[in-house]
Chemist: 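This is the structure I have questions about; it appears just below.
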There are 2 protein chains.
Amino acid sequence: MPLLMLKDLPRYEGLLEAVRRHPDLDPSACEAYLNLLRAGDEAYRQSEAFLAEHNMSPGRFTLMMLLYDKMAGTSVPATPAALAEKAGVARATITGLVDTLERDGLVTREHDPRDRRMMLIHLTPKGVSTLEGILPGHFQQMAAQMAALSQDERKTLVRILNKIAGSPAPAARIETDPLVHASPSTY
Amino acid sequence: MPLLMLKDLPRYEGLLEAVRRHPDLDPSACEAYLNLLRAGDEAYRQSEAFLAEHNMSPGRFTLMMLLYDKMAGTSVPATPAALAEKAGVARATITGLVDTLERDGLVTREHDPRDRRMMLIHLTPKGVSTLEGILPGHFQQMAAQMAALSQDERKTLVRILNKIAGSPAPAARIETDPLVHASPSTY
DNA sequence: ACGCGATAATTAGCCTCCTAATTAGTAACT
DNA sequence: AGTTACTAATTAGGAGGCTAATTATCGCGT
């Protein structure tokens with residue numbers, strides 16, 4: 001989340017002042033918004049720094065996690081289109097990431113025999129073991145970042161964030177059995 | 001904040017399951033972390049989309065805001081080094097942004113007469129008016145994103161986020177007069 | 001005055017993202 | 001069988017990040 005990681009966020013009092021020239025400015029909204037962006041960016045950068053120690057980038061890691069069966073510890077092949085959809089990026093981006101992951105021997109490409117337009121991306125054994133070497137540290141790193149928050153604060157945070165970012169269908173969640181539909185996410 | 005904007009975040013119940021294979025995983029920390037990243041990314045992308053309508057990127061916008069005197073509505077020249085420091089990016093990044101902003105006639109470069117190693121970047125009148133054309137919509141867009149939150153929730157959110165992201169010197173804040181040290185931030 | 005180390009900006013080269021254009025393969029309809 | 005329409009992936013070209021290497025200028029000590 002580049003180039004807005006201001007060292008100093010404006011103080012609430014300063015925002016109140018600025019309203020004089022900028023009547024559209026909502027000080028409390030602005031404060032919440034800027035703090036959200038900064039906290040998100042900082043968390044992101046910390047993970048990025050950790051992954052970089054293992055020659056990984058967030059994109060590479062996310063892509064590999066999407067190919068990883070968390071329960072079985074095996075590879076779950078997927079097409080570039082499916083990966084792009086799950087990761088929320090353009091297909092061309094997946095092509096580029098797979099290029100470098102393939103070069104490093106972490107994934108392989110294979111034509112889908114049923115429809116030769118499609119490719120199937122697989123984690124190699126080296127890819128699986130690389131990932132499993134990274135995961136414990138990654139989890140510890142996440143836990144450390146949230147360590148300052150109590151269980152209550154974590155719950156409150158999630159609740160408030162979900163009011164902002166459209167949890168796509170909040171009503172539908174209640175009806176579905178959470179254990180049946182294991183989410184296809186990375187961590 | 002690229003390539004981790006998962007469509008579906010793992011459900012808390014799913015995380016509890018995963019702990020069996022991954023004992024380092026702290027489910028509540030993971031949930032809070034992923035929601036933070038997603039909310040930050042979504043807010044960022046919405047702003048980015050708004051700015052793009054005005055032929056702006058977050059980087060260009062941030063840079064111009066750093067050159068803009070919010071009270072007087074005029075240009076406040078600054079060196080690339082100072083801009084890099086305030087924006088939290090590398091100097092080379094500033095060079096690139098200034099290149100394109102200069103090409104578009106929004107800023108100018110000028111040698112500092114006192115030290116010819118330094119450049120001073122100025123907003124042009126066109127830059128000022130462009131910025132002022134964008135600001136009202138930008139503020140409205142921020143307010144709209146936070147509209148679902150009550151005043152209380154905004155305060156709580158800011159408080160919790162500040163426990164995570166290192167507010168650099170929380171103790172020092174209390175002593176300083178907030179109105180004297182107007183923050184040098186963009187909004 | 002002259003050179004030497006420090007500092008400011010730029011350049012070069014890489015990665016990750018994007019959109020738009022291209023290539024390859026499928027399917028469906030004459 | 002051949003055209004046509006669609007879909008999947010890749011390529012091409014651009015922007016914004018980064019680090020490391022270059023270039024220009026300054027300031028200081030001799």
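Chain letters run A, B, ... following the sequence lines, proteins first and then strands; every chain starts at 1. Computed over heavy atoms, backbone and side chain alike; hydrogens, waters and symmetry mates excluded. Worth saying up front: this structure is predicted, and the values here are computed from it rather than measured.
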Chemist: Please state whether the rings of Tyr68(A) and His22(B) are parallel, tilted or perpendicular, taking 30° and 60° as the class boundaries.
Modeler: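 Answer is tilted, since the angle falls between 30° and 60°.
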
Chemist: Consider the side chain of Met118(B), meaning its heavy atoms from C-beta on, and name the nucleotide among dA9(C), dG16(D), dC18(D) that approaches it most closely.
Modeler: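 Among dA9(C), dG16(D), dC18(D), the one nearest the side chain of Met118(B) is dA9(C).
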
Chemist: To the nearest Å, give me how far apart CD (Glu48(B)) and C1' (dC17(C)) are.
Modeler: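 Whole-Å distance recorded here is 9 Å.
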
Chemist: Between Ala90(A) and Arg114(A), who's closer to the 5' end of DNA chain C by nearest nucleotide?
Modeler: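 Looking at DNA chain C, the more 5' nearest nucleotide goes with Ala90(A).
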
Chemist: For Met119(B) and for Gly96(A), find the nucleotide of DNA chain C with the closest heavy atom, then tell me which residue's nucleotide is more 5'.
Modeler: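 Closest to the 5' end, via its nearest nucleotide, is Met119(B).
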
Chemist: Any idea how Tyr33(A) and His138(B) line up, ring-wise: parallel (<30°), tilted (30 to 60°), or perpendicular (>60°)?
Modeler: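 Tyr33(A) and His138(B): perpendicular rings.
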
Chemist: If you check every side-chain atom of Pro80(B), which of dA15(D), dC17(C), dT10(C) has the closest atom?
Modeler: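 From the listed options, dT10(C) comes nearest.
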
Chemist: Would you kindly check whether a donor in the side chain of Arg117(A) faces an acceptor in the base of dT7(D), or vice versa, at under 3.5 angstrom?
Modeler: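 Answer is yes: a donor-acceptor pair is held.
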
Chemist: Hey, is Glu132(B) close enough to Lys70(B) for a salt bridge, meaning N to O under 4.0 Å?
Modeler: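 Here Glu132(B) does not pair with Lys70(B) in a salt bridge, since their nearest N and O are not under 4.0 Å apart.
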
Chemist: If you check the Thr93(A) side chain, which of dA8(C), dT16(C), dC18(C) turns out closest?
Modeler: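 Output: dC18(C).
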
Chemist: Per the side-chain contact (heavy atoms from CB on, under 4.5 Å) rule, which among Leu97(A), Thr95(A), Leu101(A) passes with Asp99(A)?
Modeler: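 Only match with Asp99(A) under side-chain contact (heavy atoms from CB on, under 4.5 Å): Thr95(A).
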
Chemist: Nearest whole angstrom, please: distance from the C1' of dT7(D) to the CD of Glu85(A).
Modeler: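 Going from CD in Glu85(A) over to C1' in dT7(D) covers 15 Å.
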
Chemist: Could you state the atom-to-atom distance from CG of Asp99(B) to C1' of dT10(C) in whole Å?
Modeler: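 Atom CG in Asp99(B) sits about 9 Å away from atom C1' in dT10(C).
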
Chemist: Find the distance Ile94(B):CD1 to dT7(C):P and express it as a whole number of Å.
Modeler: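 Roughly 20 Å, once rounded to whole Å.
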
Chemist: Separation of Asp41(B) atom CG from dC17(C) atom P, in whole Å?
Modeler: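 To the nearest whole Å, that distance equals 11 Å.
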
Chemist: Given dT25(D), dT11(D), dT10(C), identify the nucleotide with an atom nearest to the side chain of Ala92(A).
Modeler: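 Closest of the options to the side chain of Ala92(A): dT11(D).
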
Chemist: Taking only the side-chain heavy atoms of Thr95(B) (C-beta and beyond), determine which of dT11(C), dT25(D), dA15(D) contains the nearest atom.
Modeler: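 My answer, after comparing the listed nucleotides, is dT11(C).
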
Chemist: Taking any heavy-atom pair under 4.0 Å as a contact, classify Ala81(A): base, sugar-phosphate, or nothing.
Modeler: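 The answer is sugar-phosphate, as Ala81(A) gets under 4.0 Å only of primed atoms, P, OP1 or OP2.
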
Chemist: Hey, does Arg109(B) reach any base, or is it just sugar-phosphate, or nothing, if we go heavy atoms under 4.0 Å?
Modeler: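 Sugar-phosphate contact only.
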
Chemist: Is it true that Glu85(B) and Arg91(B) make a salt bridge, defined as a side-chain N closer than 4.0 Å to a carboxylate O?
Modeler: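 Judged by the 4.0 Å cut-off on N to carboxylate O distance, Glu85(B) and Arg91(B) do not form a salt bridge.
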
Chemist: What is the distance, rounded to the nearest whole Å, between atom CG of Leu63(A) and atom C1' of dC15(C)?
Modeler: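 Whole-Å distance recorded here is 15 Å.
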
Chemist: Check the distance between dG14(D)'s P and Leu97(B)'s CG and give it to me in whole angstrom.
Modeler: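 One finds 17 Å between P of dG14(D) and CG of Leu97(B), rounded.
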
Chemist: Considering just the side-chain nitrogens and oxygens of Arg103(B), establish if one lies under 4.0 Å of OP1 or OP2 belonging to dA15(D).
Modeler: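 The answer is yes; a side-chain N or O of Arg103(B) sits under 4.0 Å from OP1 or OP2.
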
Chemist: To the nearest Å, give me how far apart CZ (Arg116(A)) and C1' (dT26(C)) are.
Modeler: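 In whole Å, dT26(C) C1' lies 12 Å from Arg116(A) CZ.
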
